[in-house]
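Inspection log for the structure reproduced underneath, given as structure tokens.
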Amino acid sequence: MNVKQANLQEQRKQLPIAKGKDAIIQEIRDNDVTVLLGETGSGKTTQIPQYLLESGVSGSGMIAVTQPRRVAATSLAGRVALEQNTSLGDLVGYSVRFDEVSSADTKIKYVTDGMLIRELLSDRLLSRYSVIIVDEAHERTLRTDLLISKLKTILKARNAPVHVDRKGKGRASALKANPLKVVIMSATLDAEKFSKFYDGAKILYVKGRQHPVQIFHTASGQSDYVDAATRTFFQIHVDQPPGDVLIFLPGQEDIESLDKSIQVYAARLPAEHMAVLTCQMFAALPPGQQSRIFNPTPANTRKCILATNIAETSITIPGIKYVIDTGKSKEKRFVARDVGSGFDTLLTGDITKSSAMQRAGRAGREGKGYCFRLYTEDAFQAMSATSDPEIRRCSLTSAFLQLKCLGEDLEELDFMDKPDADAVQFALKILFLLGALDTKKSLTSIGRHMASFPLEPPLACVVLTSKEHGCTLEILDIVSVLSCTSKLFFDVSDDRDNALEARRKFRHSSGDHMTILNAMRAYQEIASVESKGARRDWCRKHYLNERTLMEATKIRDQLRVACERIGLDWKASCGENEVAVLKSLCRGLVHNSALKQPDGSYMQTTGRSLVKIHPGSALGDRKADAIIYDELVFTTQIFARGVSAVPKALFAALPIFNRRGIS
DNA sequence: GAGCACTGC
């Protein structure tokens with residue numbers, strides 16, 4: 001063993017979880033389900049799988065460790081492979097969308113929870129795995145909840161008691177030879193809830209390793225948190241020793257205004273104070289500006305990072321000693337209204353206790369830290385402990401379709417938290433409108449095809465419909481951009497006119513979908529002839545997010561393969577005939593459509609809400625008779641985002657307008 | 001006239 005490896009093993013032994021190693025292994029060996037409550041820094045995510053492997057608890061099967069995020073799955077696998085002194089993909093591997101590194105020798109596999117759900121569709125009992133570890137269960141993502149629910153039924157099937165026949169001979173079923181162990185790992189207080197769901201599963205506690213963080217609350221409530229954050233920052237800056245500051249804010253608008261305010265006051269400080277360097281951090285920021293936060297802080301300078309929730313879990317910034325927490329965040333929440341319509345809201349609200357603690361913890365990663373909360377201690381006590389699980393606040397359309405493919409029903413499955421009845425009805429209605437379910441709520445063959453695409457059901461429906469109109473090539477380009485994480489066009493607030501001018505050549509009079517197609521086509525052309533650097537310059541010049549275009553290209557290729565599997569010719573092209581494209585879009589977005597009223601406003605076709613075309617849309621002020629859109633988001637008004645004008649005549653052929661009795 | 005964060009055989 002070389003020195004480096006010896007050091008690594010020494011580090012493993014120093015982790016807080018190492019102290020409880022034998023007891024933990026024994027408990028997992030003795031129980032089908034174990035709930036492990038471990039604070040951050042305990043080492044549970046990297047060590048437990050290795051303990052189970054080394055002690056033989058996992059037997060001959062694989063250990064799956066699920067993660068809500070791709071980056072976590074890949075980086076954890078890398079770390080554990082290093083600790084096992086093997087190359088990644090041998091003993092330790094990972095599997096995330098677009099990327100699988102594993103082999104026949106792989107015993108520990110880090111996977112995204114979505115990936116494991118996909119695997120369920122082909123292996124209902126997940127029989128390749130002897131242990132499934134659900135990590136970050138406290139985040140309660142929709143997919144984690146689905147998994148937790150399905151694991152309960154899988155446990156019943158695989159660990160069924162041995163049947164004893166009349167002759168007294170034990171007759172283990174074939175599956176009993178392959179029992180399953182489940183470990184639920186959570187970082188917060190709600191371990192009881194997981195335990196209760198699994199009929200009183202044993203709860204184990206592991207201490208974490210965090211430096212102490214001293215927390216201060218304000219004496220009275222602050223009505224203007226941007227102003228309060230400015231004052232608090234300068235109190236720290238003037239009175240406190242060096243160390244970077246992280247400020248949590250709800251969104252881009254507040255970040256930009258606080259940034260300006262800090263810069264104005266910083267310029268007026270006497271010369272004996274350190275300089276101030278502000279960095280903005282939110283998901284929609286171009287990657288070049290995002291990476292600035294990782295640059296080392298220059299000498300005699302205090303770095304101040306202004307961030308959204310992104311810095312709470314997704315990104316860890318080194319060097320933070322002080323946290324300022326406004327106590328606010330924006331949350332997307334699906335509202336199903338009177339079955340007729342539904343939309344997302346994106347509103348600023350109070351954070352939860354768990355989130356407040358997570359934010360404070362960001363100050364104690366490297367040493368003693370300080371957290372300044374811009375709210376009173378009473379306000380903290382009044383916060384709810386955790387946020388509503390996603391299953392209570394997301395559209396359930398996609399989850400419902402997947403469950404239908406597994407022969408399950410969203411209304412009957414045993415969940416930790418039951419989904420909202422209106423949201424269930426809404427999902428049912430959409431799936432019926434798209435033709436995925438029939439009037440008896442049974443899965444149709446179209447529905448099964450839809451589920452085979454890694455797309456939201458409406459977009460999968462658009463792809464299937466493109467066959468009729470001979471434009472699958474174009475539709476795949478559009479749909480792959482729509483299903484990207486990040487947006488195609490950067491939102492630049494300081495350079496808007498140039499951005500609009502640079503993008504003008506992609507703009508199509510019918511609106512956003514054809515505009516996306518134009519940009520995607522132009523990029524593909526550049527990508528096929530130019531070098532990487534020239535491509536990047538081209539994207540920058542046109543204010544296009546290259547990350548989105550690269551991701552979209554990968555998704556498009558994946559969709560092409562999915563098309564081939566069901567015999568859909570993805571090369572079918574309509575050339576410049578945009579009507580074919582709009583017809584296909586109309587079919588899948590039928591529930592997302594609106595008609596112009598006599599006064600020029602738009603009213604939903606499936607509900608009674610007035611909607612407004614989002615100002616960022618390429619459609620602009622054109623007053624089309626009928627529109628379709630990708631989504632409806634309520635912020636200050638109900639905005640339709642991703643909008644195209646469609647000939648009104650197209651609507652007549654759609655099922656919603658020629659069928660009655662939709663429930 | 002405006003943009004919390006994740007993810008998918």
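Below, read A as the first sequence line, B as the second, and so on, with proteins coming before strands; counting in each chain starts at 1.
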Which residue lies toward the 5' end of DNA chain B, A/S486 or A/E253, if each is placed at its nearest nucleotide? A/E253
Most 5' of A/T636 and A/F98 on DNA chain B, judged by nearest nucleotide: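 The 5'-side residue here is A/T636.
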So, using ring-ring contact (aromatic ring centres under 6.0 Å, His included) as the criterion, who are the partners of A/Y129 when residues are at least two apart? none
Heavy atoms only, 4.0 Å cut-off, all strands: where does [X] land among base, sugar-phosphate and nothing?
X: A/E136; value: nothing
X: A/A451; value: base
X: A/T141; value: nothing
X: A/I117; value: nothing

For A/N545, which residues count as a side-chain hydrogen bond (donor to acceptor under 3.5 Å, both in side chains) partner, sequence neighbours excluded? A/T548
Side-chain-base donor-acceptor pair under 3.5 Å for A/S398 and B/dG8: yes
Can you check whether A/D417's main-chain N or O pairs, donor with acceptor, with A/R392's side chain at less than 3.5 Å? no
Is the distance from OP1 or OP2 of B/dG8 to the nearest side-chain N or O of A/R70 less than 4.0 Å? yes
Identified side chain to side chain contact (heavy atoms under 4.5 Å, CB included) counterpart of A/L125 within the set A/T153, A/L120, A/I154: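 When A/T153, A/L120, A/I154 are each tested with A/L125, the side chain to side chain contact (heavy atoms under 4.5 Å, CB included) holds only for A/I154.
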